[in-house]
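Protein chains get the first letters and strands the later ones, always in sequence-line order, with residue 1 at the start of each. In what follows, every heavy atom counts, from backbone to side chain, and hydrogens, waters and symmetry copies are set aside.
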Amino acid sequence: MLPAIEIHNLSKAYGAVQALPTIDLDIPQGEFFALLGPNGAGKTTLISLIAGLSKADAGYVRVMGHDVIRDYRQSRRALGVVPQELVFDPFFSVIETLRLQSGYYGLRRNQQWIDEILHNLDLTSKADANMRALSGGMKRRVLVAQALVHKPPVIILDEPTAGVDVDLRQGLWEFIHKLNSDGHTIVLTTHYLEEAETLCTRIGMLKQGRMVALDSTDNLLKRFSGLKMRVRMVGGAPPESLRPLLAAPATTDEWVLALRDYAHAEQVLAELRKSEREIAGMELTQPDLEEVFVSIMRGE
Amino acid sequence: MRGFLTLFYKELLRFWKVGFQTVAAPILTAILYLLIFSHVLEGRVQVYPGVSYGAFLIPGLAMMSILQNAFANSSSSIAQSKITGNIVFILLPPLSHFEFYLAYVLASCVRALAVGTGVVLATSLLFVSLPLEQPVWIVVFAVLGAAMLGTLGMVAGIWAEKFDQIAAFQNFIIIPLTFLSGVFYSIRPLPEFWQNVSKLNPFFYMIDGFRFGFFGISDVSPYLSLAIVGSALLALSCAALLMITRGYKLRA
Ligand SMILES: Nc1ncnc2c1ncn2[C@@H]1O[C@H](COP(=O)(O)OP(=O)(O)O)[C@@H](O)[C@H]1O
Ligand SMILES: [Mg+2]
């Protein structure tokens, strides 16, 4: 099947700053993809190139098979973008903003879908409010609504939950998850790694414009941070047989052991029992995207 | 088509919602100009035989208002959208380059022509009645002048990164070219050198041709004016379309 987004040999510099040296990336239709990376990694630059908001120095991007420069009208029709900056037009109310946006995409009689978006984003009561009068979180929701007015098959959200409170974040994710279940391809960037971990099926990590990791969420978690066992023993060092498993230098009474899987935990327990020392405490810790992220960004 | 109509409509709303500043205020300014200049100079200056100075002045002031408001509309709208960042709402949708260009320029024309009509009506009702010798020329030059300055405003709006730069464009290019174009005088009595300098100014032809529509008298043939203003509009439109197509400063 045609990829939703196809990025080939793409590069972009701003003067002397190589924002993106070269990127190759395919995002299949229906995927929920997270683009992660520290500030300045090039996430927004990449999104701008996909959206045709800026021009690449080399390479190309296609959205649903349409080149974003040559076939810009088709590619833009297929794409909805929630920009990172909290932008709005102070001349208009929420409903005017959405009707205008809908019109720019050539749609008329779109009121039913607009009402549905307003409802799903909990904006119905604010429909007639002027954009200036909205809080930051509300403005962010209007930006999401604007990106959806033309029911694009591909939706990109650049830090959609930045500065949005917890309740709202939950609601927003539910809605986006529903859109993904309905077949929309979703790409997002976020600083909340738990969100990416629970929602996204695949993750790309950017560091200084380079894709330093690109894999399914499960694989990344397995590859970079397996299951860990934290054990506290009454006195003494770990048995020799367990030393190779130490994830960090052991302190006198607490060791952190890296395990392959749950079955491995059984063997480790058996070894500990053989040493005939008393276990004072034990805890299994799940792999966690935060850890993966930190270790990849350190360049491990 | 629908996309274009929506952008055009949005641009109309943008100035209409603050119509007091964007339409009424410039009409009032023109009335004040007329009041002062015609009071001071009436009877002392007669530019065209049988035409009072007040009457002579009205088309010039109307054209000046048309030009300034056409420029102000597109330049401020684009610069404002760029600076506040909400231009993404227009850059993301599938509007064609030409739709983008046309929507801004037409909206500028509507505002400019509303102001121009207001100036002519208000001044001729309040002060002197004007002849309408060749109304077709009036419409032609009003529309061409508005379109040309609307286009120039687009170019300035796309180029500018700060509001100061728009103001500089206005103060150092638009206003001098307007004032030296014969809004307040005919170039005929000028020394030959200054007549020739005036003839390098495209704004001169807009005002001269526009005035011809009212009085049937002009400094140069209206056909010459039409050719020059038309070419200037075409050249500026090509420049604006090239900037839009290339994404100059819009899609960096
Ligand atoms: N318009 C611009 N002009 C100059 N440099 C830019 C511009 N936009 C981004 N950059 C630079 O490109 C790099 C990537 O930025 P960005 O894509 O915004 O990162 P992220 O979204 O991952 O935080 C940064 O070094 C940033 O300073
Ligand atoms: Mg960013």
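- Ring geometry for B/Phe98 versus B/Tyr101: interplanar angle of 30 to 60°, hence tilted.
- Heavy-atom distances place the side chain of A/Leu143, and not its backbone, under 4.5 Å from chain B.
- To the nearest 0.5 angstrom, B/Met206 atom CE is 8.0 Å from B/Thr178 atom OG1.
- With a threshold of 4.5 angstrom between heavy atoms, A/Gln74 does not approach chain B through any atom at all.
- From A/Ile114, atom CD1 reaches atom CG of A/Leu148 across 11.5 Å, with rounding to the nearest 0.5 Å.
- Using a 4.5 Å cut-off between heavy atoms, A/Phe88 contacts chain B through its backbone alone, with no side-chain atom that close.
- Aromatic ring pairs are classed by plane angle as parallel below 30°, tilted from 30° to 60° and perpendicular above 60°; the pair B/Phe71 and B/Phe169 is parallel.
- Proximity to chain B (any heavy atom under 4.5 Å) is shown, for A/Glu85, by neither the backbone nor the side chain.
- Per-residue heavy-atom pair counts under 4.5 Å with chain A were compared for B/Ala252, B/Gly85, B/Ser81, and the maximum is reached by B/Ala252.
- When each of B/Gly3, B/Pro93, B/Gly247, B/Ser96 is checked for heavy-atom pairs under 4.5 Å with chain A, B/Pro93 comes out on top.
- Options A/Gly52, A/Pro90, A/Ala51 differ in how many heavy-atom pairs under 4.5 Å they form with chain B, and the most are formed by A/Gly52.
- Contact tally against chain A (heavy-atom pairs below 4.5 Å) for B/Glu99, B/Arg14, B/Lys10, B/Arg251: the top residue is B/Arg251.
- Between the side chains of B/Asn201 and B/Ser181, no donor-acceptor pair is found at a separation under 3.5 Å.
- A/Arg76 contributes no side-chain N or O that, together with a main-chain N or O of A/Val68, makes up a donor-acceptor pair within less than 3.5 Å.
- With a 4.5 angstrom heavy-atom cutoff, B/Phe4 does not touch chain A via any of its atoms.
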- Message: Before you tell me yes or no, could you show the steps for B/Arg111 and B/Glu11 under salt bridge (Lys or Arg N to Asp or Glu O under 4.0 Å), namely the whole-Å CA-CA distance, both residues' side-chain angles and the distance that decides it to 0.1 Å?
- Response: CA-CA 10 Å; B/Arg111 167 165 159 196; B/Glu11 282 300 296; over 6 Å; no
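- For the set A/Leu107, A/Leu53, A/Leu100, the entry with the most heavy-atom pairs within less than 4.5 Å of chain B is A/Leu53.
- Ring planes of B/Phe37 and B/Phe184: parallel class, angle under 30° (limits at 30 and 60°).
- With a 4.5 angstrom heavy-atom cutoff, B/Leu250 touches chain A only via backbone atoms.
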